[in-house]
2 protein chains.
Amino acid sequence: MNSLEEVTDFVKNGHKHYLPHISIDNVIFGYHDQQLKILLLKWKGLNGWGLPGGFIKRREPLSEAAHRILEERTSLSNLFLQQFEVFGDSPYRVKERNPKDFRDKFGLEVDEDNWLFERTLSIGFFALVDYSKVSVTTDFFTEDYQWWDVNEVPDLLFDQNEVVDKALLTLRLQIYHQPIGYNLLPSTFTLPEIHTLYETILGKELDQRNFSKKLTNLGLIKKLDERRNIGPHRAPYLYQFEKETYEEALKEGIVHTY
Amino acid sequence: MNSLEEVTDFVKNGHKHYLPHISIDNVIFGYHDQQLKILLLKWKGLNGWGLPGGFIKRREPLSEAAHRILEERTSLSNLFLQQFEVFGDSPYRVKERNPKDFRDKFGLEVDEDNWLFERTLSIGFFALVDYSKVSVTTDFFTEDYQWWDVNEVPDLLFDQNEVVDKALLTLRLQIYHQPIGYNLLPSTFTLPEIHTLYETILGKELDQRNFSKKLTNLGLIKKLDERRNIGPHRAPYLYQFEKETYEEALKEGIVHTY
DNA sequence: GCAAAAGTGTTTCAAGTACACCCATGG
DNA sequence: CCATGGGTGTACTTGAAACACTTTTGC
């Protein structure tokens with residue numbers, strides 16, 4: 001959505017194509033180089049940072065909408081993407097929005113009863129990606145994007161800090177019950193790499209020996225015969241996920257701690 | 001909503017008071033006499049069983065709406081009530097509904113574009129109650145109610161079997177991480193009572209000695225000096241929940257299995 | 001040979017699981 | 001005294017946690 005015509009049509013006629021009153025907010029966790037980050041977009045006019053989000057098409061399945069919205073921004077499909085909560089309690093989520101702001105800030109003429117300004121609940125989804133593989137797209141409403149460290153998320157628009165906090169909490173809870181890493185690591189990776197990934201997501205240290213025992217005992221990863229050459233140090237072995245065990249664990253859940 | 005005037009107004013003008021496109025479905029688990037049941041309503045016209053549900057008022061916080069809808073049916077307030085998933089993927093949740101059916105079945109005249117017939121996502125909530133304390137209310141659309149054993153839920157309207165299945169799954173998962181029982185048991189109860197409650201919810205046997213050790217070690221319940229007189233058998237001791245520990249565990253979660 | 005990172009095993013402790021007998025009560 | 005249900009303790013097994021030294025590599 002880049003041209004003025006497209007945007008005007010979206011604002012004026014969007015309610016014919018999208019469901020009003022419900023939006024999707026995606027919390028996109030990106031991992032790379034031992035850092036866990038979140039994708040934020042800088043909104044024009046509003047002059048603040050917010051989550052990539054969007055609306056559900058009138059005949060579009062919910063999860064398809066979440067994937068489409070994610071793909072529009074990141075060009076990535078087939079990701080692990082999960083709904084975690086509907087936000088509809090905070091003061092912002094109860095009141096109507098203000099069309100005057102919109103007119104001033106975007107220079108678009110809108111009616112008082114435009115669909116965008118009615119009360120809108122938001123369904124939170126989160127996804128995990130390797131952010132070095134992501135090329136982010138901005139549009140008419142957004143002028144910039146940035147990956148922010150999860151520990152340094154700025155004040156966000158609306159109630160979106162709450163959304164991010166809840167997503168992070170859910171992710172950390174989930175890591176105890178489901179395998180994570182398939183979308184975040186290259187197809188072959190080393191033990192130190194996946195070890196650091198888990199430490200980064202959980203925000204705490206994990207004993208390296210116990211950690212590798214755990215993953216190996218669960219049968220989630222298997223050692224290959226190759227090693228990776230990493231400069232002046234001992235070459236680490238490469239591993240890869242055991243696809244079947246991994247999928248199984250995703251479905252059935254794991255009962256354990258790390 | 002009982003009189004014809006009220007109903008007609010709801011159908012015609014409901015969209016002015018409620019948010020269209022989103023509804024709430026409550027899965028109300030009721031426990032009593034060693035049985036875990038679910039509250040279902042029999043719909044007039046549609047001639048099938050379904051969940052008690054409703055719409056969100058335009059300025060009403062989401063969780064308040066869920067509580068209101070629950071209270072309208074059960075007269076119970078302040079219950080443990082939790083959202084667990086938004087349903088928006090199944091074929092029923094994608095297509096529009098059919099106003100012809102409605103006219104035929106309820107004898108109400110409605111326009112093609114009436115708000116009730118647009119596509120509607122549903123937010124699933126579940127609650128836990130002692131069903132002997134519940135007096136259920138029906139209305140214009142519902143002619144009967146019944147508590148159904150969770151293992152004998154009939155074919156439900158729309159996609160609601162999926163909703164019930166997911167609620168039960170969530171409840172069973174949750175019982176491993178949160179204390180349950182405060183809303184389901186009298187203020188004082190015996191060990192066999194809470195033991196059976198957990199067995200019933202999980203649908204499997206739990207060793208009685210290990211179970212009581214667990215709850216006591218976690219500090220969730222405390223033994224009183226009284227006993228309950230239960231006919232021709234040894235009188236069991238009464239217990240009650242440790243309010244502080246219980247609330248703490250609700251907030252923080254428990255890491256354990258049973 | 002040295003700096004930097006990888007790899008590897010054992011012990012300890014806590015928690016979960018399995019298991020069976022005696023006790024109390026009312027009829 | 002007997003039928004029914006309540007109450008209690010111990011041994012075993014499993015998994016989590018703590019912990020340090022040797023190996024490899026390129027410079």
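Quick caveat: nothing in here was measured; it's all calculated off a predicted structure. The chains referred to below are lettered A, B, ... by the order of the sequence lines, with proteins before strands, and numbering in each begins at 1.
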By nearest nucleotide on DNA chain D, pick out whichever of A:Arg227 and B:Arg209 is the more 5' one. B:Arg209
Rounded to the nearest Å, what distance is computed from the CZ atom of residue A:Phe211 to the P atom of nucleotide C:dT8? 15 Å
Under 4.0 Å from OP1 or OP2 of C:dA6: is there any side-chain N or O of A:Lys223 that close? no
Look at all strands and tell whether B:Asp207 reaches a base, only sugar-phosphate, or nothing, counting heavy atoms closer than 4.0 Å. base
Rounded to whole Å, OH of A:Tyr239 lies from C1' of C:dT8 at a distance of 10 Å
Residue A:Tyr237, side-chain heavy atoms: nucleotide from D:dG6, D:dG26, C:dG7 that is nearest: C:dG7
Start with the C-alpha gap between B:Glu244 and B:Glu248, add the side-chain angles, then the distance that decides, and say whether side chain to side chain contact (heavy atoms under 4.5 Å, CB included) holds. CA-CA 6 Å; B:Glu244 325 77 59; B:Glu248 181 73 13; over 6 Å; no
Rounded off to whole Å, could you give me the OH-to-C1' distance for the B:Tyr176 and C:dA15 pair? 16 Å
Got a donor-acceptor pair under 3.5 Å from the side chain of B:Asn210 to the base of C:dA18? yes
Take atom CG of A:Leu224 and atom P of C:dG7, then tell me their distance rounded to the nearest Å. 12 Å
Which pair of heavy atoms, one from B:Leu218 and one from B:Thr245, lies closest together, and at what distance? O-CG2, 3.5 Å
Nearest-Å distance for atom pair CD/P, residues B:Glu205 and C:dA18: 12 Å
Go through C:dG7, D:dG7, C:dC19 for me and flag the one nearest to the A:Pro192 side chain. C:dG7
Of B:Gln208 and A:Leu191, the one whose closest nucleotide on DNA chain C sits nearer the 5' end is A:Leu191
Non-hydrogen atoms of A:Leu156 and A:Asn161 that approach each other most closely: N-OD1, 2.7 Å
Would you check if B:Ile123 and A:Ile123 make a side-chain contact, meaning some heavy-atom pair closer than 4.5 Å? no
Got a donor-acceptor pair under 3.5 Å from the side chain of A:Arg234 to the base of C:dA6? yes
Considering only D:dG9, D:dC19, C:dG7, which nucleotide approaches the side chain of B:Lys213 most closely? D:dG9
Taking D:dG7, D:dA16, D:dG5 as options, the one with an atom nearest any side-chain atom of B:His233 is D:dG5
Without decimals, in angstroms, what is the distance between B:Glu193 CD and D:dG6 C1'? 12 Å
Gap between atoms CG and P, on B:Asn217 and C:dT17 respectively (whole Å): 14 Å
Candidate nucleotides C:dA5, C:dG26, D:dA20, ranked by approach to the side chain of B:Pro232 - the nearest: C:dG26
Euclidean distance, atom NE2 of residue B:His195 to atom C1' of D:dT8 [Å, nearest integer]: 14 Å
Geometric class of the B:Phe211/B:His195 ring pair [parallel <30°, tilted 30-60°, perpendicular >60°]: tilted
